[in-house]
Amino acid sequence: MSAQFPVARPRRLRRTPALRRMVAETRLAPADLVLPMFVKEGISEPQPVASMPGVVQHTRDSLRKAAHEAAEAGVGGIILFGIPAVKDGTGSAADDPAGIVQLALRDLASDLGDAAVVMTDLCLDEYTDHGHCGIVTPSGEIDNDATLERYASIAVAQAAAGAQVVGPSGMMDGQVGVIREALDNAGYTDIAIMGYSVKYASAYFGPFRDAAECAPQFGDRSTHQQDPANADESLREVFLDLDEGADMVMVKPAGAYLDIVRRVRDAVDVPVVAYQVSGEYAMIEAAAEKGWIDRDSTIMESLVSIRRAGADIAITYWATEVAKKLR
C-alpha cells in the first residue's frame with residue numbers, strides 16, 4: 001500500500017452490514033458443517049448429556065428425525081457414534097451387523113440418500129469395557145497391530161451398512177492403510193477415508209466421554225494421541241495418512257489448534273477437516289448460560305475462525321442450528 005491516512009481509510013469498507021458481507025474474506029455455508037450424533041442401544045427416549053446442554057444420546061427413531069432436520073437445513077454431513085448395550089474387551093459390537101451403529105447406518109442411508117453425507121467414527125473406545133481405543137494386552141498396553149485387525153473388520157461392517165465415509169480415530173500406526181486395503185478387498189473401493197490424522201491427547205475431550213460413555217477405566221490415551229506441545233509431528237502424521245490412502249485429513253480439537261489447521265492446510269491438497277470438540281462446545285454453552293458471553297455471536301465467531309485458519313469442513317455440535325441461521 002502506498003496511500004496513507006487520511007486518503008486510506010479501511011473503515012470505509014466496514015461501514016454497513018452489506019459492505020462487510022460483500023468484502024468478507026471468509027465465508028461459512030451449511031455444506032461446510034458436519035453434525036456429530038450419538039445413538040444408544042436399549043433406550044426408549046433420547047437421553048440428555050449433562051455436560052453438553054442440547055446434545056442427546058439418540059434412539060434410532062430420534063436419530064432419524066434429527067438427521068432429517070440436519071439435512072433439511074443443508075448440513076453437509078453427519079458423523080455417527082454408537083453406544084452398545086453390552087461392551088467387552090474386544091469391542092465386538094463395533095462390527096456386529098446387528099450392532100447399533102450398523103442398524104442406524106441402514107436407517108440413515110435409506111432416509112437421507114444424497115441429501116447429506118453419512119460418516120462414521122471408526123474406533124473401539126465406545127465399544128470396549130475398558131474404554132480404550134484398541135486391544136489391551138495383559139500388561140495394560142494397547143496392541144497396535146492387533147487393533148488394526150479390528151479396525152479393518154469394523155470398516156467393512158460400516159461400509160456394508162451404508163457409511164459413505166469412515167473416520168478412523170484411534171491414532172494407531174498404519175490404520176489408514178489397513179482400512180483402505182480391507183475396504184478395497186471387500187469391494188468398497190468408493191468408500192472414502194477421513195483420517196483423524198492430527199488428534200491430540202486433549203483435556204477438551206472430557207464431555208464427549210460422557211456422551212459416548214467411553215472414559216478409560218485406567219490410564220489415559222497419551223501413548224497414541226499426540227502431545228499438545230508438538231506441532232511438527234502433526235505434519236508427519238498427515239503425510240503418513242495420505243501415503244496410506246486418506247482422502248481427507250482432520251485436526252482435532254480445533255479451537256486450541258488453529259495454528260496446526262493452518263500448517264496442515266498449507267501443506268496438503270486434500271480437504272482439511274477440523275473438529276470443534278465437546279469441551280469447546282461445553283465452554284461456550286456454560287459461559288453463555290452464565291450471561292458472560294453472547295452465545296450466538298461466539299458460536300459464529302468460533303466457526304468462522306476455524307474456516308479462516310484453513311479448514312474446509314468443520315465438525316460441530318451446532319451444525320444444524322448454525323445451518324438454519326445461514327440459510
Side-chain angles (χ1 to χ4, degrees), residues 29-39 58 60 63-82 94-124 126-127 150-170 175-197 199 212 241-242 244-252 268 270-275 311-317 319-320 323:
D32 302 332
L33 307 175
V34 171
L35 176 67
M37 304 182 78
F38 303 94
V39 60
H58 283 286
R60 283 175 65 186
L63 179 81
R64 296 174 82 164
K65 293 175 183 176
H68 178 76
E69 181 185 8
E72 283 278 296
V75 167
I78 66 158
I79 184 165
L80 192 58
F81 298 83
D95 55 347
D96 182 349
I100 185 60
V101 161
Q102 277 66 253
L103 294 175
L105 278 171
R106 293 187 182 95
D107 292 339
L108 297 183
S110 172
D111 291 351
L112 298 181
D114 291 330
V117 178
V118 178
M119 313 168 80
T120 50
D121 175 73
L122 197 169
C123 198
L124 282 171
E126 302 108 296
Y127 303 94
R150 295 291 297 125
Y151 287 2
S153 180
I154 296 165
V156 172
Q158 291 180 345
Q164 296 167 290
V165 179
V166 296
S169 61
Q175 62 185 15
V176 170
V178 166
I179 289 168
R180 182 73 273 158
E181 182 179 17
L183 289 171
D184 291 353
N185 288 344
Y188 298 110
T189 56
D190 292 335
I191 302 302
I193 298 175
M194 175 178 62
Y196 278 65
S197 306
K199 184 177 179 182
D241 278 2
L242 291 175
E244 292 173 22
D247 299 284
M248 56 184 87
V249 295
M250 183 198 293
V251 176
K252 180 180 181 182
V268 305
V270 299
V272 174
V273 184
Y275 196 143
D312 302 288
I313 298 163
I315 301 178
T316 175
Y317 298 96
T320 301

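Just the heavy atoms: all of them, side chains too, but no hydrogens, waters or symmetry mates, feed the values below.
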Exercise for the section: Apply the test side-chain contact (heavy atoms from CB on, under 4.5 Å) to residues L122 and Q175: give CA-CA distance (whole Å), side-chain angles for both, the deciding distance (0.1 Å), then the verdict. Expected result: CA-CA 10 Å; L122 197 169; Q175 62 185 15; over 6 Å; no
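- In this structure, M119 CE and L80 CG are separated by 11.5 Å, a value rounded to the nearest 0.5 Å.
- Atom CD1 of I100 sits about 10.0 Å away from atom CG of L105, to the nearest 0.5 Å.
- In terms of heavy-atom proximity, R180 sits nearest to D247 at NH1-OD2, 3.8 Å.
- A donor-acceptor pair is defined here as one N or O able to donate and one able to accept, closer than 3.5 Å; no such pair exists between the side chain of D184 and the backbone of E181.
- No option in V166, I315, V165, T120 other than I315 meets the side chain to side chain contact (heavy atoms under 4.5 Å, CB included) test with I79.
- One distance of note links CD of E244 with OG of S197; it measures 9.0 Å at 0.5 Å rounding.
- In this structure, CE in M37 is found 7.0 Å from OG1 in T320, a value given to the nearest 0.5 Å.
- In this structure, Q102 CD and D96 CG are separated by 7.0 Å, a value rounded to the nearest 0.5 Å.
- The two residues I179 and A155 have their closest heavy-atom pair at CG2-CB, 3.6 Å.
- Here the CG-CG distance, from D111 to L63, works out to 9.0 Å after rounding to the nearest 0.5 Å.
- For the pair Y127/I154, no side-chain contact is recorded, criterion being any heavy-atom separation below 4.5 Å from C-beta on.
- Ring geometry, Y196 versus Y275: the interplanar angle falls from 30° to 60°, so the pair is classed tilted.
- The two atoms that bring D241 and G195 nearest to each other are OD2-CA, 4.0 Å, heavy atoms only.
- Summarising the geometry of M194 relative to V273, their closest heavy-atom pair is SD-CG2, 3.9 Å, with the distance given to 0.1 Å.
- Taking all atoms of both residues into account, the shortest heavy-atom contact from A323 to L33 is N-CD1, 4.1 Å.
- Considering every non-hydrogen atom in both A94 and L124, the closest pair reads CB-CD2, 4.1 Å.
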